[in-house]
Participant: 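The structure's right below; bear with me while I get my questions together.
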Amino acid sequence: MTLFAALKPPYFSIMTSGMFAFVLAATGCQSSAESTINASAQSTNTPVTTDMSQQTLKQQALRIQRALANNDYARITKDIHPTRGVRFSMYAYVRPESDKVFSREQYAQYLQQSKIRFTWGERDGSGEPLIIPLPEYLDTWVKAKTFNDATLSVNEFQKSGNSINNLNKIYQNSNVVEFYYKGSDEYSGLDWRVLRLVFDDYQGKRYLVAVITDQWTI
């Protein structure tokens, strides 16, 4: 079970049948971007190798992280891949069949329609589904503020937990910037967290295709 699971407030109250149907419709939708995300493994992009390319990649990743940390979620809309959208994975193990994927337009729409809830996955340990709106997911699960003073790496993983990291299998030729927060002394580092931003090139520009988080799991 995650470290602070016991500290979280009770889960959402039972919705009326009408709202329940609405939520199911929202959580079950499949975007056009999601239909193409599985093609990532066949990408012809080549990971960055030069110091200059790595520097510009880090700068873009930092800009995205800072925007998320400041709750300026709309600012990253143009960073999202124009045709494949952006995937959100709760843990290191990317699940193409169930992870939420939003096109640029959907991402912008659901930031505004903040009462629409999505099923993002299951919480480690309890197995309870995480069903919250997109802005709340960004605020309480991605928690980009955590990574304001994180250690950055490019195409290297600094920390792994018990959750299998299959990023390189799903995104074989993509570039990834990892933000690693080592955790606090108070909890002996068990509250460590990782944020991975995955990028692909499209028509000469680099775009965000995935936001993957990781943390201590059982």
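Owing to the predicted nature of the structure, the values given are computational and were not obtained by experimental measurement. Position 1 is the first residue of the sequence, and the numbers go up from there.
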Participant: Are L130 and E122 close enough that some pair of their side-chain heavy atoms sits under 4.5 Å apart?
Facilitator: no
Participant: Looking at Q106 and S103, would you say the former's side chain and the latter's main chain have a donor-acceptor pair under 3.5 Å?
Facilitator: yes
Participant: For D72, I'd like to know if atom CG has over 12 heavy atoms of other residues, nucleotides or ligands within 6.0 Å.
Facilitator: yes
Participant: Any heavy-atom pair between the side chains of P135 and L111 that's under 4.5 Å?
Facilitator: yes
Participant: Could you walk me through whether S174 and D200 satisfy the side-chain hydrogen bond (donor to acceptor under 3.5 Å, both in side chains) test, starting with their C-alpha distance in whole Å, then the side-chain angles of each, then the deciding distance to 0.1 Å, before giving a yes or no?
Facilitator: CA-CA 5 Å; S174 302; D200 267 355; 2.6 Å; yes
Participant: Taking the six-membered ring for Trp, are Y180 and F147 closer than 6.0 Å centroid to centroid?
Facilitator: no
Participant: Is it true that the side chains of Y73 and N71 contain a donor and an acceptor less than 3.5 Å apart?
Facilitator: yes
Participant: Ignoring hydrogens and geometry beyond distance, is a side-chain donor-acceptor pair present between D214 and N165 at under 3.5 Å?
Facilitator: no
Participant: Quick check: do D124 and S163 have side-chain heavy atoms less than 4.5 Å from each other?
Facilitator: no
Participant: Going from CG on L62 to CD1 on I64, what distance comes out if it is rounded to the nearest 0.5 angstrom?
Facilitator: 9.5 Å
Participant: Do L167 and V176 touch side chain to side chain, with heavy atoms closer than 4.5 Å?
Facilitator: yes
Participant: State whether the number of non-hydrogen atoms from other residues, nucleotides or ligands found under 6.0 Å of K145 atom NZ is greater than 12.
Facilitator: yes
Participant: For V142, is there any backbone N or O sitting under 3.5 Å from a side-chain donor or acceptor partner on T213?
Facilitator: no
Participant: Can any side-chain N or O of Q158 pair as donor or acceptor with the backbone N or O of T151 at less than 3.5 Å?
Facilitator: yes
Participant: Closest heavy-atom contact between A150 and Y181?
Facilitator: CB-N, 4.3 Å
Participant: In the structure I gave you, are the side-chain heavy atoms of V211 and W141 within less than 4.5 Å of one another anywhere?
Facilitator: no
Participant: With the side chain counted from C-beta on, respond yes when H81 and T83 share a heavy-atom pair under 4.5 Å apart, and no when they do not.
Facilitator: yes
Participant: side-chain contact (heavy atoms from CB on, under 4.5 Å) between R196 and V177: does it pass, once the steps are laid out?
Facilitator: CA-CA 6 Å; R196 298 180 180 120; V177 176; over 6 Å; no
Participant: Nearest 0.5 Å, what's the CG-NZ distance between N175 and K58?
Facilitator: 12.5 Å
Participant: For R63, does the CZ atom have more than 12 heavy-atom neighbours from other residues, nucleotides or ligands under 6.0 Å away?
Facilitator: yes
Participant: Is it true that a side-chain atom of T119 and a backbone atom of G121 form a donor plus acceptor pair closer than 3.5 Å?
Facilitator: no
Participant: Do R193 and F179 have side chains that approach each other closer than 4.5 Å (heavy atoms only, starting at C-beta)?
Facilitator: no
Participant: Looking at every heavy atom in both F102 and I80, which two are closest together, and how far apart are they?
Facilitator: O-CG2, 4.3 Å
Participant: Is there a path from Y93 to F88 through hydrophobic residues (I, L, V, M, F, W, Y) whose side chains come within less than 4.5 Å of each other?
Facilitator: no
Participant: Between Q109 and Q113, does any side-chain donor sit less than 3.5 Å from a side-chain acceptor?
Facilitator: yes
Participant: Quick one: do the R117 and Y137 side chains pair a donor with an acceptor below 3.5 Å?
Facilitator: no
Participant: What closest approach, in Å, do A144 and A69 show between heavy atoms, and which atom pair accounts for it?
Facilitator: CB-N, 3.5 Å
Participant: Would you say I164 ends up clustered with W216 if hydrophobic residues are merged whenever their side chains have heavy atoms under 4.5 Å apart, either directly or through other cluster members?
Facilitator: no
Participant: For D99 and S89, which heavy atoms make the closest approach, and how far apart are they?
Facilitator: OD2-OG, 2.7 Å
Participant: For residues I170 and P96, report the shortest heavy-atom separation together with the two atoms involved.
Facilitator: CD1-CG, 3.8 Å
Participant: For N166 and V94, indicate whether the former's side chain and the latter's backbone hold a donor-acceptor pair under 3.5 Å.
Facilitator: yes
Participant: Heavy atoms, side chains only, cut-off 4.5 Å: are I132 and F118 in contact?
Facilitator: no
Participant: Is there a salt bridge (Lys or Arg N to Asp or Glu O under 4.0 Å) between R206 and D79? Walk through the geometry before answering.
Facilitator: CA-CA 8 Å; R206 184 184 296 117; D79 287 289; over 6 Å; no
Participant: Examine the side chains of N148 and Q65 and answer whether a donor and an acceptor come within less than 3.5 Å of each other.
Facilitator: yes
